[in-house]
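Take a look at the structure below.
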Number of protein chains: 2
Amino acid sequence: MVKIERFTANPIISPEDVKPINDGFEVIGAFNAAVAQYNDETILVLRVAERPVNKDENKILIPVYNCQTKTTQVITESNRDGRFDTSDSRVVKEANVNHDFKYLTSLSYLRLARSTDGVNFSIEDHAFVYPHNEYETYGIEDARCTKIGDKYYLNFSSVSPRGICVELISTSNFESYQHEAIIFNPDNKDVVLFPEKIKQRYYALNRPTVKSTGHNDVWISSSPELHSFGDHHWLFAGSEKGWDNGRVGAGLPPIKTKYGWLEIYHAADKSSRYCMGAMLLDLDDPTKIIARLQNPILEPEAIYEKEGFFGEVVFGCGYVQRGDEITMYYGVADTSVAGCRFSLKEVLKELLGDQIG
Amino acid sequence: MVKIERFTANPIISPEDVKPINDGFEVIGAFNAAVAQYNDETILVLRVAERPVNKDENKILIPVYNCQTKTTQVITESNRDGRFDTSDSRVVKEANVNHDFKYLTSLSYLRLARSTDGVNFSIEDHAFVYPHNEYETYGIEDARCTKIGDKYYLNFSSVSPRGICVELISTSNFESYQHEAIIFNPDNKDVVLFPEKIKQRYYALNRPTVKSTGHNDVWISSSPELHSFGDHHWLFAGSEKGWDNGRVGAGLPPIKTKYGWLEIYHAADKSSRYCMGAMLLDLDDPTKIIARLQNPILEPEAIYEKEGFFGEVVFGCGYVQRGDEITMYYGVADTSVAGCRFSLKEVLKELLGDQIG
């Protein structure tokens, strides 16, 4: 078993720490943060979810970014005419329509939190990336950050009536950013970029959603220039039975070790209980899996992991490495951010056994 | 109205013209052919669909390519235990599972037919491309062919338990071919490549299938090297009402004209009646639509278009151009191949009006 040392201060960021930036909205989540070490600072690229304050249970209020007017608007629908199913707190589903959702109940965007000790964060009062194009009108979610060369690349899920696609931006200073491209068309999510080229190609794990047949599995794709990905390979699925029989997706950007690329990924069972697992990919050919742990390394156990907007979720999106120590930041219960520390060597020992000295 | 001159010999290739290559199988379709002009020959890259001859209506026979044994096998399931829904002749659907299918009822592969007059074709007795990898175990379908430089590039849908993805191969001689890459991961289909680079990038239309929300629309993506596609843009959808309110997808590889790229695409209404429509994309920036016809240029009218394995379908995948004359080859009723001729200038006049001299 890998020893996981949770921060005693957990959760380190909660919705009540974050002021909404939209009038008449409340912050219901500050979670699933990408992580960057930038100069002396640890930066969390928070997913902040805001929703319109709703005092009328007969109504459904839906926040949507309007590209034409460049404002965040609220659509009002009736909760009484049977057109919508709101049993999942995250989405508004059209009754009798074979789609996952019609609308989202909250609008997410990216907002920075900064820290010099990695535990105490101050949260900026403005958005770092707010929806602004037609692919983002229902929000942007679950960023990952990978430093490649001198630049920090941030990818995230963009949600709109076009589906869920994956967008890439870059920044050198965490003050302004450059739009790079839509790098995966819908439906795809949970993309992590490798931090360097392997045999002349950039690599990314990604999780296409299939409607035709099969499961939502993790694929690996490569790119000559970070805007175009191809040469797609199926990489791994969840299991038939167990903690990962519901869905899988990449979690942290891959960590380079001399034994291979360590990928800490998430998986959920059929009841949507999310855990984090670990696998090792070949250093020279990351389409090959060298080892994979049967059991998760982190499960929802603490009260802040088990209870919240959408409970029983740990969802790691980023880390800071200092020597053998990995500090993982992870979303809990689709609500808050927590942190934990573990030994890289311990995970590798678990994966490879005695060949780790 | 664009005048469409159907071949008097239609359908020019039918299943009864094609001998099965698998023992105990019958050919149920020879249709949806990619088209190449190669030296003096017109080559059709047929989708040939074979299915196991079934004499027991209590059983469902499912053809699957097995990558391990490198053979085509038949899986037998009961038709009596309620596990499967076979109301759509093309697929076997698991009851109560939110996917389009569990299996296909036939296995498709690519087979060449050659002609020197463009009407009378001789069909090769062997496959040109037969399933051989894990992405193709349920078959390969609906090829398109684009000549870029000296090479012919063929892309097609690969179907397997991994979903429907898009594969690219190339050939210089239509005798052997080279595997290039999986260029779109699942679910995607109906990809057409543009015949030349536009501002340093190759372009492709493609049709992701969304499960999250929205419709199955046509996107346009670009590539530096034909293996990796990105910088994805949403391009067009069907209409709310009318002949194209069900689904859309690219049809013929785009035809270069001095007024723009002419795209002859397919669309279906909610009852799955497939027609061919026309639009014009900007020559220098094909993410921009210049003009689009409101009505289809070709609809199922002839008996061979209205009746067959899956009736009321015209589905063009390729063409030959001689001056102003476009000869379009198109699948009919998911069964056979037909041909027709029309004037390029007439289509452009329909699209642009009097500015066409």
Side-chain angles (χ1 to χ4, degrees), chain A residues 91-94 97-104 133-135 138 157 159-168 179-189 201-202 204 206-217 219-234 237, chain B residues 91-94 97-104 133-135 138 157 159-168 180-189 201-202 204 206-217 219-235 237:
Chain A
V91 301
V92 178
K93 199 173 160 4
E94 256 178 319
V97 171
N98 187 9
H99 277 135
D100 295 342
F101 59 84
K102 170 74 174 174
Y103 302 112
L104 303 183
N133 68 34
E134 67 178 290
Y135 307 104
Y138 294 169
S157 301
V159 190
S160 78
R162 311 276 184 240
I164 302 174
C165 57
V166 180
E167 216 168 329
L168 182 69
H179 174 80
E180 297 283 345
I182 303 280
I183 57 173
F184 288 94
N185 55 14
D187 282 331
N188 207 314
K189 53 165 53 176
R201 304 271 290 182
Y202 297 100
N206 62 100
R207 219 288 309 282
T209 303
V210 289
K211 183 167 181 293
S212 62
T213 196
H215 303 280
N216 298 344
D217 300 335
W219 289 58
I220 184 165
S221 310
S222 62
S223 171
E225 34 61 312
L226 287 173
H227 284 201
S228 317
F229 284 84
D231 203 9
H232 307 284
H233 290 266
W234 180 90
Chain B
V91 302
V92 178
K93 199 174 160 3
E94 257 178 319
V97 171
N98 186 11
H99 276 136
D100 296 342
F101 59 85
K102 169 76 173 174
Y103 301 114
L104 303 184
N133 68 34
E134 66 177 290
Y135 307 104
Y138 294 169
S157 301
V159 190
S160 78
R162 310 276 184 240
I164 303 175
C165 56
V166 180
E167 217 168 327
L168 182 69
E180 297 283 344
I182 304 280
I183 57 172
F184 288 95
N185 55 15
D187 283 333
N188 207 315
K189 52 164 54 176
R201 304 270 292 181
Y202 297 101
N206 61 100
R207 219 287 309 282
T209 303
V210 288
K211 183 167 182 292
S212 61
T213 196
H215 303 280
N216 298 345
D217 301 335
W219 288 59
I220 184 164
S221 311
S222 62
S223 171
E225 34 61 312
L226 287 173
H227 284 201
S228 316
F229 284 85
D231 202 9
H232 306 285
H233 290 266
W234 180 90
L235 189 63

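Contact check for B/K189 versus A/S212: no side-chain heavy atoms found under the 4.5 Å cut-off. Put simply, the side chain of A/N185 reaches to within 4.5 Å of the side chain of B/F184, judged on heavy atoms. Counting only heavy atoms from C-beta outward, the side chains of B/E225 and A/P224 approach each other to under 4.5 Å.
Only the side chain of B/E134 comes within contact range of chain A, with heavy atoms under 4.5 Å apart. Contact of B/Y135 with chain A is made through the side chain alone, with heavy-atom distances under 4.5 Å. Contact of B/W234 with chain A is made through backbone and side chain together, with heavy-atom distances under 4.5 Å. Only the side chain of A/S221 comes within less than 4.5 Å of a heavy atom in chain B; its backbone stays farther off. Only the backbone of B/P161 comes within less than 4.5 Å of a heavy atom of chain A; no side-chain atom from C-beta onward does.
Comparing A/H215, A/H227, A/H232 by heavy-atom pairs within less than 4.5 Å of chain B, the highest count is held by A/H232. Put simply, of A/D187, A/V91, A/D217, the one with the most heavy-atom pairs under 4.5 Å next to chain B is A/D187. When the candidates A/A181, A/P186, A/G163 are compared by the number of heavy-atom contacts under 4.5 Å with chain B, A/P186 comes out ahead.
Counting all heavy atoms, side chain and backbone alike, B/G214 lies closest to A/H99 at O-CE1, 2.7 Å. Here the shortest heavy-atom pairing between B/S228 and A/S222 reads OG-O, 3.7 Å.
Screening A/V210, A/D100, A/I164 against B/K211 for a side-chain contact (heavy atoms from CB on, under 4.5 Å) leaves a single residue, A/D100.
Checking side-chain atoms of A/T213 against main-chain N and O of B/F101 turns up a donor-acceptor pair under 3.5 Å.
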